[in-house]
Colleague: 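So that we are looking at the same thing, I have put the structure below in structure tokens.
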Amino acid sequence: MPEMPEVQGLVDFLREKLLPSGAPPAVISEVEVLSFAVLKTADVPLDALQSAPVSAVERRGKFIVLSAGGVHLVMHLAKAGWLRWSEALKPGRLRPGKGRMALRVRFAPREGPDKAGDEPGFDLTEAGTKKALAVYLVRDPSDVPGIARLGPEAFDVDFDTFAALVAAHRGQIKGLLRDQSVIAGIGNAYSDEILHAAHLSPFATAAKLKPEEVSRLYQALRAVLESANANAAGRPAAELKDSKRRAMRVHARTGEPCPVCGDTVREVSFADSSLQYCPTCQTGGKLLADRRLSRLLK
């Protein structure tokens, strides 16, 4: 799933394309809904975006917010969604309900000798059979339930606030990091990376962490996300996913050696996700119970 650093990278990329410095903003020429399930709202008609100049591109948690014509196109890429940019989309409308395509946004051709009337734009795509990508067209971003529930952005949380959030949480620390109503923008991948950097078990109870562990976790959160943001900055949309994968130390690296200590990275699987950790760095050498594997072995 794209998380805060990749979504911010996409926002920066779109902002550069749609709000170029020293040039007029891009103007939306058409929005095509290609998956019947992707559009979650009906109050604001898609026609509200017709011929509207883009006024802003922003991020809220893991949401992309594209503002134009006084309304807001809000996009959440979910687990398997992505945004693909094209400088020249093919003319003609696409057939809905086919393949990975969920949404297409076209922009009016740019002026210039090298443009030749080409329509730039982007597609939202989603892999797999479980469709969770969501698009909303609203008058206020806070009309989107997922945005209304968001907690503060990760970089807006100071240490004292973070320590209070940890002390109040009776569940596992990984769950706290992933809870968008507590801290916005962190998901499965970066919670794995943060906990590895902090030398903490993902199963540790948040409220039972010692003060030095909470301090270590806060420092790891900021360091991991700052590094990820720097890694994503300035990259084209097409490069963001691969650059994220290359930077991961434990997430999605089951069976590989830990880059810190050399121990084998282990995995715990759940019904629709998994986590990765290093036993030596995070659990004192203890292997965490993999409930799904345990059931298979019975």
Side-chain angles (χ1 to χ4, degrees), residues 1-3 5-39 46-59 62-69 71-128 131-137 231-245:
M1 175 184 287
E3 301 177 32
E6 295 76 49
V7 176
Q8 186 62 53
L10 288 172
V11 165
D12 293 343
F13 175 82
L14 287 175
R15 194 179 288 142
E16 181 181 330
K17 294 291 185 182
L18 304 178
L19 296 166
S21 178
V27 175
I28 297 174
S29 60
E30 187 176 20
V31 178
E32 295 180 57
V33 176
L34 302 167
S35 169
F36 299 112
V38 71
L39 188 62
L46 288 175
D47 289 348
L49 293 171
Q50 191 79 25
S51 302
V54 174
S55 56
V57 186
E58 300 173 316
R59 179 186 61 79
K62 292 185 276 188
F63 291 84
I64 299 170
V65 182
L66 191 158
S67 303
V71 296
H72 309 274
L73 187 67
V74 180
M75 298 161 278
H76 190 279
L77 298 174
K79 187 174 183 178
W82 195 245
L83 183 150
R84 300 189 308 184
W85 175 266
S86 174
E87 293 291 347
L89 291 171
K90 292 181 179 180
R93 295 179 66 86
L94 299 175
R95 182 183 298 180
K98 295 292 184 180
R100 298 182 176 187
M101 295 282 289
L103 188 86
R104 169 166 284 183
V105 180
R106 294 178 181 270
F107 298 91
R110 292 281 194 185
E111 297 181 0
D114 59 334
K115 303 301 180 182
D118 291 333
E119 279 190 314
F122 64 81
D123 297 329
L124 295 186
T125 64
E126 187 170 25
K131 302 302 182 183
L133 190 152
V135 176
Y136 309 80
L137 185 58
N231 186 47
R235 292 187 183 274
E239 296 181 7
L240 286 168
K241 286 196 288 187
D242 286 341
S243 67
K244 173 184 177 179
R245 292 190 191 102

Colleague: Under the side chain to side chain contact (heavy atoms under 4.5 Å, CB included) test, which residues partner Ala108, sequence neighbours left out?
Modeller: Val27
Colleague: To check you understand the geometry: which heavy-atom pair defines the closest contact between Leu133 and Ala78, and what is its length?
Modeller: N-CB, 3.7 Å
Colleague: List the residues meeting ring pair (Phe, Tyr, Trp, His ring centres under 6.0 Å) with Phe63, not counting sequence neighbours, and say none if there are none.
Modeller: His76
Colleague: Can you tell me if Glu126 uses its side chain to pair, donor with acceptor, with the backbone of Met101 under 3.5 Å?
Modeller: no
Colleague: Return the minimal non-hydrogen interatomic distance between Val33 and Leu103, and the atom names on each side.
Modeller: CG2-CD1, 3.8 Å
Colleague: Using the side chain to side chain contact (heavy atoms under 4.5 Å, CB included) definition, which of the options Val57, Leu19, Leu18 pairs with Pro25?
Modeller: Leu19
Colleague: How many angstroms lie between atom CH2 of Trp85 and atom CD of Glu16, to the nearest 0.5 angstrom?
Modeller: 10.5 Å
Colleague: Would you give the length of the straight line joining atom CG of Leu39 to atom OH of Tyr136, rounded to the nearest 0.5 angstrom?
Modeller: 10.0 Å
Colleague: Within this structure, what is the CG-NZ distance for the pair Leu14 and Lys17, rounded to the nearest 0.5 Å?
Modeller: 10.0 Å
Colleague: Would you say Leu77 and Leu10 make side-chain contact, with heavy atoms under 4.5 Å?
Modeller: yes
Colleague: Can you name the residues that form a side chain to side chain donor-acceptor pair (under 3.5 Å) with Ser67, not counting sequence neighbours?
Modeller: His72
Colleague: Can you tell me how far the NZ atom of Lys131 sits from the CZ atom of Arg100, to the nearest 0.5 Å?
Modeller: 8.0 Å
Colleague: Please name all residues satisfying salt bridge (charged side-chain N to carboxylate O under 4.0 Å, His left out) with Glu6, sequence neighbours left out, ordered by chain then number.
Modeller: Lys244
Colleague: How many angstroms lie between CD in Gln8 and CD in Glu58, if you round to the nearest 0.5 Å?
Modeller: 10.0 Å
Colleague: With sequence neighbours excluded, what pairs up with Ala88 under the side chain to side chain contact (heavy atoms under 4.5 Å, CB included) test?
Modeller: Asp118
Colleague: Any side-chain to backbone donor/acceptor pair from Glu119 onto Arg106? Under 3.5 Å, distance only.
Modeller: no
Colleague: Nearest heavy-atom pair of Leu49 and Ala68: which atoms, and what distance?
Modeller: CD2-O, 3.9 Å
Colleague: Please report the shortest heavy-atom distance between Leu89 and Gly121, naming the atom on each side.
Modeller: CD1-CA, 3.6 Å
Colleague: Taking distance alone, no hydrogens or angles, what donor-acceptor pairs closer than 3.5 Å link side-chain atoms of residues 232-242 to residues at least two apart or in another chain?
Modeller:
residue, atom, partner, partner atom, Å
Arg235, NE, Asn231, O, 2.6
Arg235, NH2, Asn231, OD1, 3.3
Asp242, OD1, Arg245, NH1, 2.6

Colleague: Can you tell me how far the OG1 atom of Thr125 sits from the CZ atom of Arg104, to the nearest 0.5 Å?
Modeller: 11.0 Å
